[in-house]
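Notes to accompany the following structure.
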Amino acid sequence: NPSPGVTVPADITVCNNGSVTASNFTSTPAGGTFSWTNSNTAIGIAASGTGDIPAFTATNTGTSPIMATVTVIPIVNSCPGTPSSYTIAVNPTPTVTVPANITICNNGNVPASNFTSTPTGGTFTWTNSNTAIGLSANGSGDIAAFTASNSGTSPISATITVTPFVNNCTGIPSTY
């Protein structure tokens, strides 16, 4: 009998809590069974198994990407084949650090708001709940310095909500 081969999926990258489709293996010649091992159970699947890998929800509760190597061995006519591997990378849910709450007088200078993400390298979108303070309703990136505005007789406030994006993953919004 020939030594069987196995076709595995291409490498996969997902976000924390993202869906990983089922991994359906095929053998050459056809009719094989499969055993597999997973190098990192933190991604959300067992350390080993047999057959195809069902769809699952990927996990990464840390602050850095994690990766697992899945190695599959085909067996056809009682003959084990050459192992084949693919990787599953799971990116963490990004977080953003925003400035502390601030209070400014009418016509006062509001300093620029510079956001940082974990992991680093994030981009940001933001919304402003009250444009009467002198800031537009939404934008992307950091917020440039602006002059505060209040033409009324009572204090007003606005909530700025910032959402981070890192490695194609949407993060947890933060407000100030």
Side-chain angles (χ1 to χ4, degrees), residues 7-25 36-47 49 52-72 84-104 107-150 155-176:
T7 301
V8 297
D11 292 343
I12 300 165
T13 300
V14 296
C15 300
N16 180 42
N17 294 320
S19 296
V20 177
T21 58
S23 295
N24 298 309
F25 310 122
W36 53 267
T37 59
N38 166 26
S39 67
N40 186 352
T41 59
I43 68 164
I45 58 173
D52 295 329
I53 298 175
F56 68 97
T57 300
T59 58
N60 179 352
T61 58
T63 58
S64 300
I66 60 174
M67 185 172 298
T69 300
V70 177
T71 302
V72 182
S84 187
S85 299
Y86 65 104
T87 61
I88 301 172
V90 183
N91 291 315
T93 301
T95 59
V96 59
T97 301
V98 297
N101 295 339
I102 55 176
T103 301
I104 303 289
N107 292 321
N109 184 40
V110 178
S113 295
N114 297 309
F115 310 122
T116 57
S117 66
T118 302
T120 60
T123 59
F124 310 96
T125 61
W126 53 266
T127 59
N128 168 19
S129 68
N130 185 357
T131 58
I133 68 165
L135 179 65
S136 64
N138 57 59
S140 60
D142 294 330
I143 298 175
F146 66 97
T147 301
S149 175
N150 180 355
I156 61 174
S157 65
T159 299
I160 311 302
T161 302
V162 182
T163 304
F165 300 89
V166 181
N167 296 323
N168 295 317
C169 299
T170 301
I172 300 168
S174 188
T175 61
Y176 68 107

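No experiment lies behind these values; they were computed from the predicted model shown. Sequence positions, counted from 1, serve as the residue numbers for this chain. Atom set for the values below is all heavy atoms of this structure, side chains included, hydrogens, waters and symmetry mates excluded.
- With rounding to the nearest 0.5 angstrom, the OG atom of S149 is 11.0 Å from the CG atom of L135.
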Assess whether side-chain contact (heavy atoms from CB on, under 4.5 Å) is satisfied between I133 and N128, documenting all intermediate values.
CA-CA 9 Å; I133 68 165; N128 168 19; 4.0 Å; yes
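- Side-chain contact of S85 with T71: a donor-acceptor pair under 3.5 Å is present, judged by distance alone.
- One distance of note links CE of M67 with OG1 of T13; it measures 6.5 Å at 0.5 Å rounding.
- One finds the OG atom of S157 at 12.0 Å from the CD1 atom of I102 (value rounded to the nearest 0.5 Å).
- N60 places no side-chain N or O within 3.5 Å of a backbone atom of N16 that could act as its donor or acceptor partner.
- For the side-chain contact (heavy atoms from CB on, under 4.5 Å) criterion with W126, the lone passing option out of I143, T163, D142 is I143.
- Side-chain N or O atoms of N91 include none that pairs as donor or acceptor with a backbone N or O of C15 at under 3.5 Å.
- The side-chain heavy atoms of I160 and V98, taken from C-beta on, include no pair separated by under 4.5 Å.
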Pairs of donor and acceptor atoms involving the side chains of residues 168-176, under 3.5 Å and at least two apart or interchain, shall be tabulated with distances.
{"from": "Y176", "atom 1": "OH", "to": "S113", "atom 2": "OG", "distance (Å)": "2.7"}

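- With contacts defined as side-chain heavy-atom distances shorter than 4.5 Å, the pair I43/I66 qualifies.
- V8 is not listed as a side-chain neighbour of V70, based on a closest heavy-atom distance of 4.5 Å or more.
- Atom CZ of F124 is separated from atom OG1 of T116 by 6.5 Å, given to the nearest 0.5 angstrom.
- The shortest non-hydrogen separation linking V162 to V96 is O-CG1, 3.6 Å.
- Rounded to the nearest 0.5 Å, atoms CD1 (I88) and OH (Y86) are 4.5 Å apart.
- Distance alone, capped at 3.5 Å, is enough to place a donor-acceptor pair between the T59 side chain and the A42 backbone.
- Here the OG1 atom belonging to T93 is positioned 11.5 Å from the CG atom belonging to N167, to the nearest 0.5 angstrom.
- Judged by distance alone, with hydrogens and angles left aside, the side-chain atoms of S129 form a donor-acceptor pair with the main-chain N or O of T159 at under 3.5 Å.
- Contact check for S19 versus F56: no side-chain heavy atoms found under the 4.5 Å cut-off.
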